[in-house]
Amino acid sequence: MLNSGKSPKNEAELLTRAQNLAGMSLGEIAASINVQVPKDLKREKGWIGLLLEQVLGASAGSRPEPDFPHLGIELKSLPINYQGKPLETTFVCVAPLTGLVGAQWQTSHIRNKISRVLWVPVISERTIPIAERIVGTAFIWSPSQEEEHLLALDWQELTDMIVLGDVENIHGKHGQVLQLRPKAANSQAKTQAFNRHGQPFMTLPRGFYLKTSFTQGLLNKYLRID
DNA sequence: AGCTGATCATTG
DNA sequence: CAATGATCAGCT
């Protein structure tokens, strides 16, 4: 069956298990581990990701470590349309707004986070009921030299702006492959940052997101779609 | 139709 | 509040 809930021993086992989900509907997967399927994701935006974590045996919780700590692999679900195109940007992690002086890409949280990722595409157009959405072929990725270079460039640009106190001037269009956008419960949420004069102030928490053109490239490269 | 600011649930 | 999981939804 699916070996639901058991932690995979190694990378090969994890990949095999994930690829065995290809062609299955979210309803079938949910039923196999006795999980109820919500009518929509308006109030459970992370439901698909959590479902995949459970069926693949990822460690639960919101701890700041990979989903599969012993394998050093992060799990990411990727919503795509029927043509295999990403429907959303991919959230990576919260962006630190303080303590960045002297920060290096090589030792950044985001680099560590995406050093090795198990991507699980899900045909997830909004017109398809949640239970009927189909899982695609999963693949494991690590950034190529070129990809890492692009990520590092964007990270440096965004981080420089934050360090200079310009975080509030950062918009979604900054960066070629990486974006800095709000990541909060609502627009009232606040976290500390520094302004252009080096004085602390409270601002909206931000997160790093991979643009759809970037994840599209991964799909093309690993799945030969298109 | 794509973008980007806004938002929801849960856990530690 | 921060970090986990992301998608929603209005505007251009």
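Letters A, B, ... are given to chains in the order of the sequence lines, protein chains preceding strands, and every chain is numbered from 1. Just so it is clear, the structure is predicted and the values come from calculations on it, not from any experiment.
With contacts defined as side-chain heavy-atom distances shorter than 4.5 Å, the pair A:Val35/A:Trp47 qualifies.
Aromatic ring orientation, A:Trp141 versus A:Phe214: perpendicular (interplanar angle above 60°, classes split at 30° and 60°). Using bins of under 30°, 30° to 60° and over 60° for the plane-to-plane angle, the ring pair A:His174/A:His171 lands in the parallel bin.
Per the geometry, NZ belonging to A:Lys211 stands 15 Å off C1' belonging to B:dG5, to the nearest Å. Between the CH2 atom of A:Trp47 and the C1' atom of C:dT4 there is a distance of 17 Å, rounded to whole Å. Look at CZ on A:Phe91: it is 17 Å from P on C:dC8, rounded to the nearest Å. The nearest whole Å value for the distance from the CD atom in A:Glu53 to the P atom in C:dA3 is 17 Å. The NE2-P distance, from A:His174 to B:dT4, rounds to 11 Å in whole Å. Computed from coordinates, the A:Gln179 CD to B:dA6 P distance equals 14 Å when rounded to whole Å. As rounded to whole Å, 13 Å separates atom C1' of C:dC1 from atom CG of A:Leu204. We find that CD1 of A:Ile73 is positioned 17 Å from P of C:dT4, with the value rounded to whole Å.
Counted by atom type alone, A:Ser7 and A:His70 present one or more donor-acceptor pairs between their side chains at under 3.5 Å. Between A:Thr212 and A:Glu88, the side chains place no donor N or O within less than 3.5 Å of an acceptor N or O (distance only, hydrogens not considered).
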Which protein N or O atoms sit under 3.5 Å from an N or O of nucleotides 8-12 of chain B?
unit_1: B:dC8; atom_1: O3'; unit_2: A:Arg43; atom_2: NH1; d: 3.3
unit_1: B:dA9; atom_1: OP1; unit_2: A:Arg43; atom_2: NH1; d: 2.7
unit_1: B:dA9; atom_1: O4'; unit_2: A:Arg43; atom_2: O; d: 3.2
unit_1: B:dT11; atom_1: O2; unit_2: A:Ser62; atom_2: OG; d: 3.1

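Side-chain N/O atoms of A:Lys113 include one lying less than 4.0 angstrom from OP1 or OP2 on C:dG5. Neither OP1 nor OP2 of C:dT7 sits under 4.0 Å from any side-chain N or O of A:Arg126. Note on A:His109: a side-chain N or O is less than 4.0 Å away from OP1 or OP2 of C:dT4. Residue A:Ser77 has a polar side-chain atom (N or O) positioned under 4.0 Å from OP1 or OP2 of C:dA6.
A heavy atom lying under 4.0 Å from DNA chain C marks the following residues of residues 187-196 of chain A, by number: A:Lys190, A:Thr191.
When all heavy atoms of A:Leu219 and A:Gly84 are compared, the pair lying nearest together is CD1-O, 3.3 Å. The two residues A:Thr203 and A:Glu168 come nearest to each other via the heavy atoms OG1-OE2, 2.9 Å. Minimum heavy-atom separation, A:Leu204 to A:Arg206: O-NE, 2.6 Å. The minimum heavy-atom distance linking A:Gly207 with A:Phe91 is given by the pair CA-CE1, 4.0 Å.
No contact: A:Pro205 has no heavy atom under 4.0 Å from any strand.
Each of A:Glu88 and A:Leu50 has a nearest nucleotide on DNA chain C; the 5'-most of these lies closest to A:Leu50.
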